[in-house]
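For reference, the structure discussed in these notes is given below.
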Amino acid sequence: MRNSIPAEFDVVIHQIIFGLVVIANFAAQSMLAKAQSLLDSGDSAGTVASTTPAKLDLTYTRPTEATKIRNYLFDALGPYPIVGATFAAGFDQARKTPWAWGRGAEGYHKRFASDFSIAAIGTTTRYALSEAFKEDTLYYRCERKGVLPRLRHAVISTLTARRGEDGHRVFSVAALLAPYAGTMTAVYGWYPRRYGAKDAFRMGNYNLLENVAGNISLEFLYSGPHSLL
């Protein structure tokens, strides 16, 4: 059961999430400051050339509405959320979470439907809010080399988005709220009554950590799921 998670471990998770928010916000601000500094000092061709590897915005192309729709359908209804819900439901089934849903095929089907719906709602929230705030929350691989810069880029991308035609990075409210939208809906929509906001927040924290892991895997293991389109 989710409430059986040790309190000490839950505190560590909250600290990690808070640290990610602080790091992402600080990094986004520093990247904006660096971009402004480069614009102010980039009078000579040599200066621009020497800083090109760090200026990711130079190669940014804003996705079209058709591209965003295709990506949304892939992220919300494609093979990855199905596989993810399959494993998550199996994990919840082994832990009997929620207990009221029982065991067997019926219990598994309920957990699968719940986990798939949570993921779909989170994805829908991310795309809807990013559209409202005119942000681009798709993942773009780092153009720099090296493990640490690429790892930093993957973590920062979890809570930031691109905005404008130049694709400058900003702290993303959509990326921050999306992991919690699905869990809040589940807790107050179809979970047993004993579950509340604290449970939804805790489950949302795990979703956010899964997003970090997903970005790291996209950065180091694969060119990105949207390349299949």
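Remember, predicted model here, so these are calculated numbers, not experimental data. For the single chain, residues carry numbers from 1 onward in sequence order. Reckoned from all heavy atoms, side chains included, excluding hydrogens, waters and symmetry mates.
Between Asp115 and Ala88, the shortest heavy-atom contact is OD2-C, 3.4 Å. Ala154 and Glu219 make their closest contact through CB-CB, 4.3 Å (heavy atoms, listed as atom of the first residue, atom of the second, distance). Among all heavy-atom pairs drawn from Val187 and Ala200, the shortest one is CG2-CB, 3.6 Å. Nearest heavy atoms, Glu135 versus Ala174: OE1-CB, 4.1 Å. The two atoms that bring Tyr191 and Ser114 nearest to each other are CE1-OG, 3.5 Å, heavy atoms only.
In this view, Ala175 and Ser172 satisfy the side-chain contact (heavy atoms from CB on, under 4.5 Å) rule, not counting sequence neighbours. Residues satisfying the ring pair (Phe, Tyr, Trp, His ring centres under 6.0 Å) test with Tyr108, not counting sequence neighbours, are none. Checked against side-chain hydrogen bond (donor to acceptor under 3.5 Å, both in side chains), Thr185 has no partners two or more places apart in sequence or in another chain. With sequence neighbours left out, Thr64 forms a side-chain contact (heavy atoms from CB on, under 4.5 Å) with Ala66, Thr67. Remark: Thr86 pairs with no residue by the side-chain hydrogen bond (donor to acceptor under 3.5 Å, both in side chains) rule, at least two apart or across chains. Listed by chain and number, the residues in a side-chain contact (heavy atoms from CB on, under 4.5 Å) with Ala119 amount to none (sequence neighbours excluded).
The closest donor-acceptor contact from the side chain of Asp199 to the backbone of Gly196 lies under 3.5 Å. Between the side chain of Gln93 and the main chain of Arg111, no donor-acceptor pair closer than 3.5 Å is present. Although no hydrogens or angles enter the test, the distance criterion places no donor-acceptor pair under 3.5 Å between the side chain of Tyr80 and the main chain of Phe74. A donor-acceptor contact shorter than 3.5 Å is absent between the side chain of Thr123 and the backbone of Ala120. Between the Ser157 side chain and the His153 main chain, a donor and an acceptor come within less than 3.5 Å of each other.
Under the 4.5 Å side-chain heavy-atom criterion for Ile, Leu, Val, Met, Phe, Trp and Tyr, Leu129 and Leu159 are members of distinct hydrophobic clusters. Connection of Tyr206 to Phe87 is not established within any shared hydrophobic cluster, with ILVMFWY side chains joined at heavy-atom distances below 4.5 Å, either directly or through further cluster members. Residues Val147 and Val212 share a single hydrophobic cluster, defined by chaining ILVMFWY side chains whose heavy atoms lie under 4.5 Å apart. No continuous path of hydrophobic side-chain contacts links Tyr188 to Leu177 [ILVMFWY only; heavy atoms under 4.5 Å]. Under the 4.5 Å side-chain heavy-atom criterion for Ile, Leu, Val, Met, Phe, Trp and Tyr, Trp190 and Met203 are members of the same hydrophobic cluster.
No cation-pi contact links Arg163 to Phe133, judged by a cut-off of 6.0 Å to the six-membered ring centre and 45° from its axis.
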Hey, mind stepping through Arg141 and Arg150 against side chain to side chain contact (heavy atoms under 4.5 Å, CB included) and telling me if it holds?
CA-CA 8 Å; Arg141 298 183 76 188; Arg150 295 176 66 188; 3.0 Å; yes

Intermediate values then yes/no, side-chain hydrogen bond (donor to acceptor under 3.5 Å, both in side chains), Asn211 and Thr158:
CA-CA 6 Å; Asn211 290 346; Thr158 306; over 6 Å; no

Assess whether side chain to side chain contact (heavy atoms under 4.5 Å, CB included) is satisfied between Tyr127 and Asp75, documenting all intermediate values.
CA-CA 10 Å; Tyr127 275 86; Asp75 287 344; 2.7 Å; yes

As a quick check of understanding, evaluate side chain to side chain contact (heavy atoms under 4.5 Å, CB included) for Tyr72 and Leu138, giving each step before the final call.
CA-CA 10 Å; Tyr72 163 71; Leu138 297 179; over 6 Å; no

CA sep, side-chain torsions, deciding dist, call: Glu65, Glu131, side chain to side chain contact (heavy atoms under 4.5 Å, CB included):
CA-CA 10 Å; Glu65 293 301 320; Glu131 189 70 16; 3.4 Å; yes

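Between atom CD1 of residue Ile156 and atom CG of residue Leu151 there is a gap of 9.5 Å, rounded to the nearest 0.5 Å. Residue Ile121 holds its CD1 atom at 14.5 Å from CZ of Arg126, rounded to the nearest 0.5 Å.
Counting only heavy atoms from C-beta outward, the side chains of Trp99 and Pro192 never approach each other to under 4.5 Å. When side chains are defined from C-beta on, Arg169 counts as touching Arg162, because their heavy atoms get closer than 4.5 Å. A 4.5 Å side-chain heavy-atom check between Thr183 and Phe201 finds every atom pair outside the cut-off. Contact check for Asp92 versus Phe112: no side-chain heavy atoms found under the 4.5 Å cut-off.
Ring geometry for Tyr60 versus Tyr140: interplanar angle over 60°, hence perpendicular rather than tilted (30 to 60°).
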